[in-house]
There are 2 protein chains.
Amino acid sequence: MIYESILEQLSTQSCKLTLQRRELLKILIRAKTPLAAREIYDRMLKKYPHMSFDTVYRNLNLLQDLHIVNRLDFQEGRSRYELNRSQDHHHHLVCLKCGGTWKLKACPLEGLNINNTVPEDFKVTTHRFEVFGYCRQCRKELST
Amino acid sequence: MIYESILEQLSTQSCKLTLQRRELLKILIRAKTPLAAREIYDRMLKKYPHMSFDTVYRNLNLLQDLHIVNRLDFQEGRSRYELNRSQDHHHHLVCLKCGGTWKLKACPLEGLNINNTVPEDFKVTTHRFEVFGYCRQCRKELST
DNA sequence: TCCCAAATCAGAATGTTTCTGATTTATATT
DNA sequence: AATATAAATCAGAAACATTCTGATTTGGGA
């Protein structure tokens, strides 16, 4: 469903539906949490053992440009990627110990006073918001 | 004033007040915008031409641990650093074209519904919020 | 002045991301 | 079904930020 509609979108942009590209999409659709390029690459190697790492990056960048994928940064020294599901705009809660992530529905741009603080002549295109800390499990482990 | 109080703080932590460390602090205090490690290094080279890049990073990490410096990420492929001036908690507005930054006083954590969306058993330590787009000047240049 | 932990230096190493140039492939057309 | 070709892939190198290593120097207390 999502998969097919993305393939269609790619076709209309005259992008080829290569096996590698399809596999990358399937991995992102299956993912329960944002993945690092390295993690995606490792999963793809299982099906395509001769994959080039470069292919992962090229496709992630392409999908980003088409707004099919979001690039995220959780201060880990590398990016993570997630499918951009429309109607599911969200931000993240990130555990600094285990790297676990949870969705935050609250969005600062929906808050009241943002429009007062951003100058009118500044054209806003995107924003980021992340909350960091320690999840229940990791809190326990820290105190023992 | 700020400079002296930081030196004092460093002393009490039994950190040595090396010339390089002092110079790095002065650069951060002078800075009108968050600086990349590379930019800091370039400025330090003028005074200490034999500086090691490593020294910049080591000190930035130290100062970060002591909450004297904030590490920021503006999706540029490298971090930027700014002095953590207490009583001036803020976020940033970032121009995607020129890299210019402006302070945003609004903070999402002060908003209403955050406490409802973060689970109680999650220990929040930090957060990030950035707004990206194009500044007045760069908007003009894009449309011509 | 002496001592030594802390800091620095120089250069190598690590890890992520991008580039290059040759080869392969998806797909539109015949 | 065969062909042409732009797009995509591969393999490896390169670029870049950041961290590490091991030898040397230095700030600051005794």
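Sequence lines set the chain letters: A, B, ... in the order given, protein chains first and strands last, and positions in each chain run from 1.
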Whole angstrom value for the distance that separates [atom2] of [N] from [atom1] of [X]:
| X | N | atom1 | atom2 | answer |
| --- | --- | --- | --- | --- |
| A/M51 | D/dA8 | CE | P | 14 Å |
| B/N61 | D/dA17 | CG | C1' | 12 Å |
| A/L45 | D/dT9 | CG | P | 14 Å |
| B/Q13 | D/dG29 | CD | C1' | 18 Å |
| A/E23 | C/dT25 | CD | C1' | 18 Å |
| B/L25 | C/dA7 | CG | P | 13 Å |
| B/Q75 | C/dT16 | CD | P | 17 Å |
| B/R80 | D/dT18 | CZ | C1' | 18 Å |

Within a strict 4.5 Å, meaning less than it, do heavy atoms of the B/F129 and A/L109 side chains meet? yes
Minimum-distance nucleotide to [X] side chain [options: [options]]:
| X | options | answer |
| --- | --- | --- |
| A/D54 | C/dA10, C/dA26, C/dT20 | C/dT20 |
| A/R21 | C/dT18, C/dT17, D/dA8 | D/dA8 |
| A/R71 | C/dT18, C/dA26, C/dC9 | C/dT18 |
| A/T18 | C/dA26, D/dA17, C/dC9 | C/dA26 |
| A/K16 | D/dA8, D/dT9, D/dT19 | D/dA8 |

Hey, is the side chain of [X] poking within less than 4.0 Å of OP1 or OP2 on [N], counting only N and O atoms?
| X | N | answer |
| --- | --- | --- |
| A/S79 | C/dT17 | yes |
| A/S52 | D/dG12 | no |
| B/Q20 | C/dC9 | yes |

Salt bridge between B/K103 and B/D88, side-chain N to carboxylate O under 4.0 Å? yes
Answer yes when B/D121 and A/K140 have at least one side-chain N-carboxylate O distance shorter than 4.0 Å, and no when they do not. no
Please report how far the helix from C/dT1-D/dA30 to C/dT30-D/dA1 bends, comparing the axis fitted to its first five pairs with the axis fitted to its last five, to the nearest 10 degrees. 30°
5' priority, DNA chain D, between A/H50 and B/F53 [closest heavy atom]: A/H50
Let me know, please, whether B/Y57 or B/S11 comes out on the 5' side of the other along DNA chain D by nearest nucleotide. B/Y57
Distance-only donor-acceptor check, side chains B/E82 and B/H90, under 3.5 Å: yes
Do B/R58 and B/T55 have side-chain N/O donor and acceptor atoms under 3.5 Å apart? yes
Has A/E8 got more than 12 heavy atoms of other residues, nucleotides or ligands less than 6.0 Å from its CD? no
Please name all residues satisfying ring pair (Phe, Tyr, Trp, His ring centres under 6.0 Å) with B/Y41, sequence neighbours left out, ordered by chain then number. B/F53
Mind checking if A/R58 touches a base, just sugar-phosphate, or nothing, with heavy atoms under 4.0 Å? base
Is the gap between the ring centers of B/H127 and A/F132 under 6.0 Å? no
